[in-house]
Undergrad: 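Before I ask anything, let me first share the structure, which is written out below as structure tokens.
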Amino acid sequence: MLTNIFSQAGLANLLLSLPAVLWAITFHEYCHGYAARRLGDPTAEREGRLSLNPLAHLDPVGAICLLLFRIGWAKPVPIDTRYFKHPRRDIVIVSLAGAAGNFLTAFVCAQLVNFLPALFGSWGAQQFILLMIIINLGLASFNLVPIPPLDGSRILYVLLPPSCLKYYFWLERYGMIIILALIVLNVFPYLMQPIMSLLLRLLLV
């Protein structure tokens, strides 16, 4: 890994990845906050998280992981479900909003390549737009895995029958430990693969 990073191509990729990573995590969290605001919850806006400033959302460890391993996270946007008129439905909408924002970014980038190919004649431009697509789809896929505190877990919480909620709460207690262990063991790519494949098929329709 370190040999690849410190090669000439590796350093170029790392530099080109920086703006892609910052945009991906910033827009992801902004979309959560925007969706919550539209559904009546002003918490994110009140705490300065309804912003496209990367510093408002940056989690240093999560950003480094996303930069190096294409798996990472930002500081979660605060949500207060007491403001929602239809909490179960609205939680799902807010949870999906972040991944939807990343998918939208990947879709726009793909359309730019299709309709304005002259903009991407150089290696640097081609690599940057490819990284924008890969990183955004990767962040969306990662967050849709149903392990707390990832977004997919909130959808799982809504769908689970009451009799299974005790298992969810156990998973929530150890969620970050489980996530870090799965990253170290390189299991996450296998969990993300079906989600990534689905998003890619939607992107290429």
Side-chain angles (χ1 to χ4, degrees), residues 1-34 48-77 97-145 149-151 176 179-193 195-197 199-200 202-204:
M1 172 63 77
L2 290 177
T3 303
N4 292 336
I5 290 171
F6 291 112
S7 67
Q8 186 174 0
L11 284 172
N13 272 323
L14 198 62
L15 291 174
L16 290 170
S17 294
L18 278 172
V21 164
L22 289 175
W23 171 259
I25 60 178
T26 299
F27 196 52
H28 181 98
E29 296 303 326
Y30 173 84
C31 288
H32 283 314
Y34 179 78
R49 299 296 304 279
L50 196 58
S51 168
L52 289 175
N53 179 358
L55 296 178
H57 308 289
L58 194 64
D59 180 298
V61 175
I64 291 170
C65 286
L66 184 59
L67 190 64
L68 298 180
F69 308 115
R70 303 293 182 251
I71 296 173
W73 56 90
K75 289 191 297 185
V77 164
N102 292 129
F103 180 79
L104 176 62
T105 297
F107 177 79
V108 170
C109 289
Q111 297 312 305
L112 285 174
V113 174
N114 287 335
F115 292 106
L116 298 170
L119 292 177
F120 307 100
S122 68
W123 177 86
Q126 291 172 9
Q127 194 66 9
F128 173 71
I129 204 73
L130 179 62
L131 286 167
M132 281 288 287
I133 293 171
I134 291 173
I135 287 171
N136 275 278
L137 290 182
L139 185 61
S141 302
F142 174 70
N143 274 280
L144 289 174
V145 173
L150 300 179
D151 300 328
M176 279 307 301
I179 288 171
L180 291 173
L182 293 177
I183 290 174
V184 170
L185 296 172
N186 199 35
V187 174
F188 254 106
Y190 300 100
L191 299 177
M192 292 165 56
Q193 185 176 4
I195 303 171
M196 192 83 166
S197 298
L199 294 179
L200 279 170
L202 291 172
L203 190 66
L204 297 173

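The chain is numbered in sequence order, starting from 1. Predicted model, so just to flag it, every value in this text is computed and none were measured. Only this structure's heavy atoms are used, side chains among them; waters, hydrogens and symmetry mates stay out.
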Undergrad: Under the side chain to side chain donor-acceptor pair (under 3.5 Å) rule, collect the residues that match up with N143, sequence neighbours excluded.
TA: none

Undergrad: For T105, give me all partners under side chain to side chain donor-acceptor pair (under 3.5 Å), at least two apart in sequence or on another chain.
TA: W23

Undergrad: Would you name the heavy atoms of S141 and L199 that are closest together and state the gap between them?
TA: OG-CD1, 3.6 Å

Undergrad: Identify, with sequence neighbours excluded, every residue that meets side chain to side chain contact (heavy atoms under 4.5 Å, CB included) alongside L185.
TA: V187

Undergrad: I'd like to check the ring pair (Phe, Tyr, Trp, His ring centres under 6.0 Å) partners of F188; sequence neighbours left out, ordered by chain and number.
TA: F142

Undergrad: For A125, enumerate each residue passing the side chain to side chain contact (heavy atoms under 4.5 Å, CB included) test, keeping only those at least two apart in sequence or located in another chain.
TA: F120, S122

Undergrad: Is there side-chain contact between L58 and L22, with heavy atoms separated by less than 4.5 Å?
TA: yes

Undergrad: Return the set of residues passing side chain to side chain contact (heavy atoms under 4.5 Å, CB included) with P149 (not counting sequence neighbours), or none when no residue passes.
TA: M176, I179

Undergrad: To check you understand the geometry: which heavy-atom pair defines the closest contact between C31 and G101, and what is its length?
TA: SG-CA, 3.7 Å

Undergrad: Say you draw a straight line from CZ of F27 to CG of N136; how long is it, rounded to the nearest 0.5 Å?
TA: 9.0 Å

Undergrad: Say you draw a straight line from CG of N53 to OG1 of T26; how long is it, rounded to the nearest 0.5 Å?
TA: 7.5 Å

Undergrad: Could you check whether any side-chain heavy atom of R49 comes within less than 4.5 Å of a side-chain heavy atom of V77, counting everything from C-beta outward?
TA: yes

Undergrad: Any pair with a residue in residues 106-115 that passes side-chain hydrogen bond (donor to acceptor under 3.5 Å, both in side chains), sequence neighbours left out, goes on the list, sorted by first then second residue, please.
TA: none

Undergrad: Apply side chain to side chain donor-acceptor pair (under 3.5 Å) to H28 and list each qualifying residue two or more places apart in sequence or on a separate chain.
TA: H32, N102, D151

Undergrad: Show the nearest heavy-atom pair for residues D59 and K75, with the distance to one decimal.
TA: CB-N, 3.8 Å

Undergrad: Would you give me the side-chain donor-acceptor pairs under 3.5 Å for residues 128-135, sequence neighbours excluded?
TA:
none

Undergrad: L18: what forms a side chain to side chain contact (heavy atoms under 4.5 Å, CB included) with it, not counting sequence neighbours?
TA: L15, L67

Undergrad: Of all the heavy-atom pairs spanning L139 and A24, show the shortest one and how long it is.
TA: CD2-O, 3.5 Å

Undergrad: So Y30 and L50, do their side chains get closer than 4.5 Å, heavy atoms only?
TA: yes

Undergrad: Looking at every non-hydrogen atom in both residues, tell me the closest pair between A56 and G48 and how far apart they are.
TA: CB-O, 3.8 Å

